[in-house]
Amino acid sequence: MEKSGDAARQDGMVVGSEQHKALFCGLLLDTFDPYRPQVIAWPVLAPEARTRLVALPFWEVALETEESAATRMQALADATSDPLIRAALALNAFEERRHKEVLGHMIRFYGVELAGETRALPPLRPRWAFLRTGYGECFDSFFAFGLFALARRSGFFPPELVEVFEPVVQEEARHNLFFVNWVAYQRARHAWPQRIGFAAECLAALAVQIVKRLGAAKAADGDNFTRKGGEALGLDLDVRDFLALCVAENERRLSLYDARLLRPRAMPAAAGLALRFLRRR
Ligand SMILES: [Fe+2]
Ligand SMILES: [Fe+2]
């Protein structure tokens with residue numbers, strides 16, 4: 001599809017250009033971390049720490065989320081004709097599957113008991129499924145960055161265990177950056193009528209993810225990963241401090257990458273608004 005003449009610029013880079021594509025695909029392909037889940041040296045935990053880890057309520061949800069993300073990203077890779085974007089999407093899918101493998105090894109090593117094996121079916125509409133997963137990841141990892149920093153500080157788990165998950169968390173920052181740039185690139189490459197349709201599809205995917213999470217937050221036994229995570233980690237969270245930490249961690253993690261790439265804006269903006277509101281009360 002043709003790029004429109006009024007394409008937005010980002011520090012001299014034209015959004016939707018070949019240069020933009022090379023940058024956001026290179027972001028994933030050039031910063032790949034070749035760690036292997038099979039050889040992770042899991043630290044032996046003291047009995048209390050192991051009991052705490054085994055009792056955390058989110059391992060099943062985490063496995064399902066990674067499996068679903070991997071399947072959806074691979075489905076979009078298979079449906080993408082551009083070789084560079086296809087390679088980046090396939091790497092994204094590989095990394096999601098590797099996250100699931102890391103969790104699987106951890107679960108077996110420490111003896112976490114789960115109901116059964118998680119499998120996701122390839123989506124019928126790969127682009128729609130990818131948009132939903134992408135917005136979902138932007139939302140969840142924004143809070144996960146803050147929770148991870150808190151877990152590191154609190155000493156709830158030994159530092160060697162926290163460090164095993166550092167590459168996993170950083171990969172989610174890369175995925176978010178790739179996603180928002182993929183969206184902006186696709187939008188810019190569409191001619192006007194299709195561009196409006198694509199923008200509407202993005203908005204709908206975002207709305208579905210927001211509604212899903214609001215529903216989970218309301219439900220007494222909701223499976224919201226972040227909320228349950230905070231409770232289970234025994235963290236006494238001051239909402240303002242936590243939001244400010246999420247904003248700072250999000251910025252720190254994304255600051256490692258090319259400044260010309262677009263940044264995820266919705267979550268930092270929503271958190272900034274919430275912080276202003278909370279301070280006034
Ligand atoms: Fe993941
Ligand atoms: Fe991801």
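Atoms within each ligand, like the ligands themselves, are counted from 1 in listed order. Numbering of residues begins at 1 and proceeds along the displayed sequence.
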### Message
With a 6.0 Å cut-off (strictly less than), is the heavy-atom count around CD of Gln38, excluding the residue itself, greater than 12?
### Response
yes
### Query
How about Phe24 and Tyr185: are their ring centres within less than 6.0 Å of each other?
yes
### Task
Could you tell me which residues satisfy ring pair (Phe, Tyr, Trp, His ring centres under 6.0 Å) with Tyr135, sequence neighbours excluded, listed by chain and number?
Phe179
### Query
With a distance cut-off below 6.0 Å to the six-membered ring centre and an angular limit of 45° from the axis, does Arg98 pair with Tyr35 as a cation-pi contact?
yes
## Note on the structure
The number of protein N, O or S atoms lying under 2.8 Å from the Fe ion (ligand 2) is 5
### Task
Look at the aromatic rings of Phe143 and Phe242 and report parallel, tilted or perpendicular, splitting at 30° and 60°.
parallel
### Query
When you measure from the side chain of Arg253 to the backbone N and O of Glu251, does any donor-acceptor pair fall under 3.5 Å?
no
